[in-house]
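Here's the structure we're looking at; comments come further down.
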Amino acid sequence: MSENQNVDYSASNITVLEGLEAVRVRPAMYIGDVNERGLHHLVYEVVDNSIDEALAGFCNKIDVKINEDNSITVEDNGRGIPVDMHEKEHRSALEVVMTVLHAGGKFNKNSYKVSGGLHGVGVSCVNALSDHMIVQVYRNHKIYQQEYSKGKPLYAVKEVGTTDKQGTKITFHPDGTIFTVTEYKYDTLLERMRELAYLNKGITIDITDLREMKEDGTPLRANHFYSEKGLRDFIGYLDENREKLMPEAIYIEGERKGIPIEIAMQYNTGYSENLHSYVNNINTHEGGTHLAGFRSGLTRTLKNYADRSGLLQKAKVEITGDDFREGLTAIISVKVAEPQFEGQTKTKLGNAEVRGAVDEAVSEMLENYLEEHPNEAHTIVDKVILAARARQAARKAREMVQRSNVFSSAGMPGKLADCQSNDPAECEIFFVEGDSAGGSAKQGRDRRFQAILPLRGKILNVEKVMRHRAFESEAIRDIYTALGVTVGTPEDPQALNLSKLRYHKVIIMTDADVDGAHIDTLMLTFFFRYMPELIENGYVYLATPPLYLVKKGNKQVYCWTEDDRERALMEFGDKGIHVQRYKGLGEMNSDQLRDTTMDPEGRQLRQVTIENAASADRIFSLLMGDDVPPRRAFIEANATYANIDA
């Protein structure tokens with residue numbers, strides 16, 4: 001044991017954190033993390049309080065603003081936080097709510113039947129993690145106000161004026177000493193506000209960004225959300241770019257065992273399952289008992305109907321639960337009085353009674369729907385049978401992929417120029433657009449750790465075909481074989497097996513034009529759908545080829561943007577300048593390719609994340625097939641790639 005180590009361990013070593021100190025010392029325990037996700041979670045906590053007022057029937061308008069200094073203002077027209085003296089604490093109830101953990105009206109069932117911020121640390125937690133907060137309560141025709149710094153009140157609650165309004169207005173600025181980032185992303189908050197408007201029909205939610213203004217003095221970005229039909233509008237938004245199998249979504253609304261249940265579901269011609277589950281407006285990303293109840297009720301009801309109709313006997317295929325959910329978009333929203341979540345960030349519901357309630361509601365109402373809509377019912381069953389056949393064919397195709405001997409040169413794609421190293425951590429593979437660029441890349445690469453596989457045109461649009469068709473594509477099989485990965489693990493037959501992955505950098509290198517953007521989108525869509533584990537591990541990148549080469553005498557500079565070109569022209573002067581515009585990688589020789597896109601020191605790579613790839617996937621769903629309108633593809637693709645991390 002070190003001499004400097006304190007061997008004494010007594011009562012003096014025990015630290016007691018009082019008030020909101022615990023939140024500031026361990027913020028991740030309460031909001032998930034102190035990065036971008038946790039920063040935006042602060043806004044959600046405050047807005048959830050206003051939504052809870054709406055669920056209780058006392059609020060129908062919520063206004064969210066991102067202020068010039070990157071603070072947030074949330075205002076509602078609810079009842080307003082009580083300001084009278086708290087009998088036990090001997091101070092204003094407003095101060096108690098804002099400064100005491102586990103204090104609020106949500107522990108009293110007479111005040112709120114359901115709520116999102118059940119743990120009671122919501123707004124007080126936000127207060128603790130803000131370097132400044134000001135709360136104004138409009139109540140009893142008066143305006144009450146209190147300010148705080150890092151969770152501590154600067155003065156007692158006081159009256160500051162009169163008003164005809166009612167509600168609560170909270171403005172807070174996140175503490176820069178706590179968060180690694182303090183700049184809010186409008187699009188992130190926008191998606192959540194849109195989501196809440198759909199989940200709570202009849203509520204108006206406005207969001208405004210005051211950081212950028214137009215010339216006429218109005219905000220550059222502002223959105224207004226209001227939904228009359230709720231989840232039916234929501235599923236229409238989610239499936240906007242998918243081909244639907246039925247004219248109207250299936251809508252289920254009712255109450256079982258005291259639990260209000262609302263479900264909207266729609267089948268489309270796609271092959272993916274898109275399930276979104278919510279508890280008290282909180283997106284439960286990991287699902288839980290409500291999602292399990294939906295799946296079991298859906299599978300049992302559809303299977304019983306298919307058996308009664310005789311369609312399954314004719315098809316002679318074995319149906320699994322996954323087959324019933326292929327091409328299904330569904331939103332499950334339940335309101336639970338006392339939800340049991342895993343952690344404060346509430347990503348998975350654990351209430352056992354909810355499963356039975358949702359199962360029962362889905363079974364009863366879906367069975368009624370199938371009986372009343374025989375045409376739609378047959379369409380759904382036909383879709384399920386097709387999914388089962390495709391699954392069986394895909395299994396056979398996967399087995400064919402797995403039989404490839406990835407370490408045998410005979411099993412490798414013919415055009416693959418492999419590298420010498422066997423260490424995946426240092427190896428990288430370039431998927432290059434065209435044989436011409438592929439030839440230059442092979443000459444310009446570092447053979448020790450860089451491999452090249454030219455792409456012959458555009459790969460298959462996997463969004464438009466079933467899985468077994470994708471596996472039958474030679475180009476898709478070449479990608480699997482070159483990477484050394486297979487499909488299926490002992491735990492999950494659908495998962496990607498990365499145990500023999502040969503490269504830890506998978507780089508897509510295409511021309512800086514419309515066709516290149518289209519190929520990027522096709523490749524990202526493929527990786528997102530079939531190899532998400534590669535993206536999650538940070539292995540997928542986009543190479544950024546330069547647009548220009550500006551030369552004057554012996555001086556030359558590569559330019560990736562128009563601004564780069566303008567700067568180069570200003571630096572070189574007016575005379576004797578030669579500007580070369582690269583229309584494609586094939587116009588670059590091996591030295592130029594090496595210097596700009598392949599040299600680890602000089603190149604520019606953009607790492608792909610799951611969010612970026614999902615954006616590419618959504619963009620691709622907008623593109624009507626392989627013959628894409630060039631201008632639209634260019635605009636959409638570049639709108640996505642502008643957000644890819646540098």
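Count residues from 1 along the sequence.
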Are a donor atom and an acceptor atom from the side chains of [X] and [Y] found within less than 3.5 Å of each other?
X: Asn200; Y: Asn281; value: yes
X: Asp359; Y: Ser363; value: yes
X: His40; Y: Glu36; value: no
X: Glu326; Y: Tyr267; value: no
X: Thr320; Y: Asp323; value: yes
X: Arg211; Y: Tyr186; value: no

Salt-bridged, [X] to [Y], with N to O below 4.0 Å?
X: Lys65; Y: Asp63; answer: yes
X: Lys257; Y: Glu353; answer: no
X: Glu474; Y: Arg477; answer: no
X: Glu191; Y: Lys185; answer: no

(message) Determine whether a donor-acceptor pair (N or O, by modelled atom type, separation under 3.5 Å) exists between the side chain of Gln266 and the backbone of Lys244.
(response)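 Between the backbone of Lys244 and the side chain of Gln266 there is no qualifying donor-acceptor contact (under 3.5 Å).
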(message) Using side-chain contact (heavy atoms from CB on, under 4.5 Å), reason through Leu275 and Arg295 one step at a time and then give a plain yes or no.
(response) CA-CA 10 Å; Leu275 303 185; Arg295 283 174 167 162; 3.6 Å; yes
